[in-house]
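Quick note: numbers below take in every heavy atom, side chains included, and nothing from hydrogens, waters or symmetry partners.
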Amino acid sequence: MNPCAGDGFDVSALANAATRALRAYDPGHDLPVLRQRFGADLIELGANENPLGPSPRVLDAIRVALAEVHLYPDPKGGALKAALAAQLAVDVAQIALGNGSHELLMLLAQCFADAATSVVFSEYGFAVFPIATTAAGAHPIRVPALPREHATLPRGHDLDAMAAAIRPDTRIVYLANPNNPTGTWFDDAALDAFIARAPPTTLVVIDEAYAEYIVAPALTTALRLLPRHPNVVVTRTFSKAHGLAGLRVGYAVSSPSVIAVIERLRESFNVNALALAAANAALSDADHVARSRAWNHAEREWLVARLRERGLRVSPSQTNFVLVDFGQDAAPTERALYERGVIVRPVAGYGLHDCLRISVGTRAANQRLLDALP
Ligand SMILES: *Cc1c(COP(=O)(O)O)cnc(C)c1O
């Protein structure tokens with residue numbers, strides 16, 4: 001029962017038009033409850049976290065930062081931005097920090113899109129793209145993905161169709177490379193061709209949440225486009241390969257003009273002090289990232305081979321997860337895994353009813369998944 005029932009007037013109708021069109025995030029299973037029920041037996045392969053955890057340097061840096069939690073964090077995140085600028089060979093003025101890259105993807109739409117504009121993204125593109133678009137009141141243009149049977153990019157972004165979908169009022173195109181939940185990617189040449197067709201009045205946002213995991217030689221990073229294209233924005237995160245999902249840190253790299261606009265709306269202390277210290281320490285440990293990438297690559301190949309041996313279709317992936325197509329409604333499989341303490345990610349919300357997204361875990365976790373598959 002609503003503990004605040006009034007005289008019949010539904011106050012939720014007071015939400016603005018953009019917010020009325022949104023629904024609250026569905027967290028799926030209640031993980032804290034499941035951790036209590038299954039204890040160490042719970043296998044969590046639903047959130048694309050790094051099973052190796054963060055660099056040991058991160059824990060040391062957090063211990064030091066703990067002594068100063070009574071102080072506000074540096075609102076500019078100066079030390080972290082300087083470290084990022086040096087590593088990425090860009091200027092500090094080209095970087096904005098976010099409470100996760102999710103926040104930056106939302107901020108971009110808040111700053112650049114409104115009801116008079118449109119935003120382009122792909123079918124099966126990352127879930128935040130349509131939410132950011134709707135929250136800004138902008139018109140969503142959802143471009144059909146490549147066909148399921150595509151040889152190298154099943155259900156991947158159709159860049160030709162996306163370029164053709166850009167209208168004069170299109171302020172943002174969101175691309176995820178590689179994409180979540182499909183794991184698909186497009187190489188540098190394909191992105192170059194797309195950028196050549198995108199007008200300078202449209203921001204091209206390239207979400208590179210899985211950049212550190214990429215092993216495909218033809219795919220590097222869109223950062224190389226920044227010197228010639230001030231409308232390109234690259235977002236990255238410390239949640240995936242750096243193993244800091246619980247701390248919420250991401251960053252955007254673009255031209256100083258775009259970053260200056262984001263800074264107008266960015267909440268002053270959006271990245272907390274422990275997160276700033278941890279991200280800086282994570283960035284300094286290139287060996288840990290390299291270990292995570294190599295380990296993920298080998299373990300993903302192993303898992304994909306085992307899944308394919310069972311006759312399942314598994315999309316190629318450059319990430320730390322795979323999209324598995326069961327060829328029929330995957331809900332009963334998800335339910336059976338859940339009952340056996342194996343958590344994977346349903347993707348029916350994306351329209352992928354026959355698929356599940358499965359993170360690459362430790363060998364023991366992956367084996368448990370295989371054993372638990374009905
Ligand atoms: C996980 C993920 C993010 C965001 O992660 P944050 O934790 O908010 O930094 C962004 N984009 C994609 C495609 C992701 O999979």
Side-chain angles (χ1 to χ4, degrees), residues 47-69 71-104 178 206-215 219-224 226 233-254 256 259 262-263 266 268-299 318-320 359-360 362:
N48 304 341
E49 293 133 337
N50 183 348
L52 303 188
S55 156
R57 292 185 196 181
V58 163
L59 303 182
D60 293 339
I62 290 176
R63 269 182 219 108
V64 173
L66 272 176
E68 298 195 330
V69 283
L71 304 177
Y72 276 103
D74 173 9
K76 292 204 288 194
L80 177 56
K81 282 207 272 194
L84 281 167
Q87 189 161 113
L88 305 174
V90 299
D91 198 88
V92 167
Q94 290 181 263
I95 301 171
L97 301 179
N99 192 263
S101 56
H102 185 147
E103 182 186 44
L104 292 160
I206 301 140
D207 177 345
E208 295 188 347
Y210 299 93
E212 297 85 358
Y213 282 123
I214 291 167
V215 290
L219 170 56
T220 59
T221 165
L223 289 171
R224 71 203 152 74
L226 292 176
V233 184
V234 177
T235 62
R236 298 256 185 102
T237 181
F238 284 92
S239 299
K240 306 285 158 64
H242 287 292
L244 300 184
L247 286 172
R248 317 300 306 126
V249 202
Y251 55 97
V253 191
S254 185
I259 296 300
I262 296 174
E263 286 296 313
R266 184 183 66 83
S268 21
F269 302 109
N270 62 333
V271 184
N272 73 71
L274 302 188
L276 288 172
N280 212 338
L283 205 59
S284 76
D285 196 347
D287 286 349
H288 183 74
V289 176
R291 243 189 331 270
S292 297
R293 174 179 36 246
W295 176 87
N296 177 70
H297 183 213
E299 201 57 35
Q318 290 291 313
T319 66
N320 64 344
S359 305
V360 178
T362 59

Which atom pair, heavy atoms only, marks the closest approach of P73 to L276?
CB-CD1, 4.0 Å
Step through the shown structure and confirm whether more than 12 heavy atoms of other residues, nucleotides or ligands are within 6.0 Å of OH on Y72.
no
Would you say the side-chain atoms of Q94 pair up with the backbone N or O of S254, donor to acceptor, closer than 3.5 Å?
yes
Quick check for you: to the nearest 0.5 Å, what is the distance between K81 atom NZ and D91 atom CG?
10.5 Å
Atom CG of L104 and atom CZ of R236: how far apart are they, to the nearest 0.5 Å?
13.0 Å
Output for pair (I62 CD1, L274 CG), nearest 0.5 Å, gives 6.0 Å
What's the shortest heavy-atom distance between A281 and A61, and which atoms?
CB-CB, 3.7 Å
Sequence neighbours excluded, which residues qualify as salt bridge (charged side-chain N to carboxylate O under 4.0 Å, His left out) partners of R248?
none
Quick one: does any side-chain atom of D74 pair with a main-chain N or O of G78 as donor and acceptor, under 3.5 Å?
yes
How many angstroms lie between atom CG of D207 and atom OG1 of T237, to the nearest 0.5 angstrom?
8.5 Å
Report yes or no: does N270 contribute a side-chain atom to a donor-acceptor pair with the main-chain N or O of L97 at less than 3.5 Å?
yes
How close do I259 and A252 get, heavy atom to heavy atom, and via which atoms?
CD1-O, 3.8 Å
E212-S292 side chain donor-acceptor pair, cut-off 3.5 Å
no
Which heavy-atom pair separates V58 from A278 by the least distance, and what is that distance?
CG2-O, 3.5 Å
If you measure from CG on L52 to OG1 on T362, what distance do you get to the nearest 0.5 Å?
9.0 Å
State, with a plain yes or no, whether a side-chain heavy atom of N48 is found less than 4.5 Å away from one of T319.
no
For the student: nearest non-hydrogen atoms of Y210 and K240, plus distance
OH-NZ, 3.1 Å
With rounding to the nearest 0.5 angstrom, report the CD to OG distance, E263 to S268.
10.0 Å
Backbone N or O of S239 within a donor-acceptor pair of the E49 side chain at under 3.5 Å?
no
Which atom names give the shortest non-hydrogen contact between P54 and L244, and what distance separates them?
CB-CD2, 3.7 Å
Measuring only between side-chain heavy atoms, which start at C-beta, is I95 closer than 4.5 Å to V90?
yes
D60/R57 ion pair, N-O < 4.0 Å
no
Results of side chain to side chain contact (heavy atoms under 4.5 Å, CB included) for L283 - residues two or more places apart only
L80, A83, L84, Q87, F238, H242
Please name all residues satisfying side chain to side chain contact (heavy atoms under 4.5 Å, CB included) with P56, sequence neighbours left out, ordered by chain then number.
D285
If only atom types and distance count, is the side chain of N50 paired as donor or acceptor with the main-chain N or O of A241 below 3.5 Å?
yes
Would you call V253 and E208 a side-chain contact if the rule is heavy atoms closer than 4.5 Å?
no
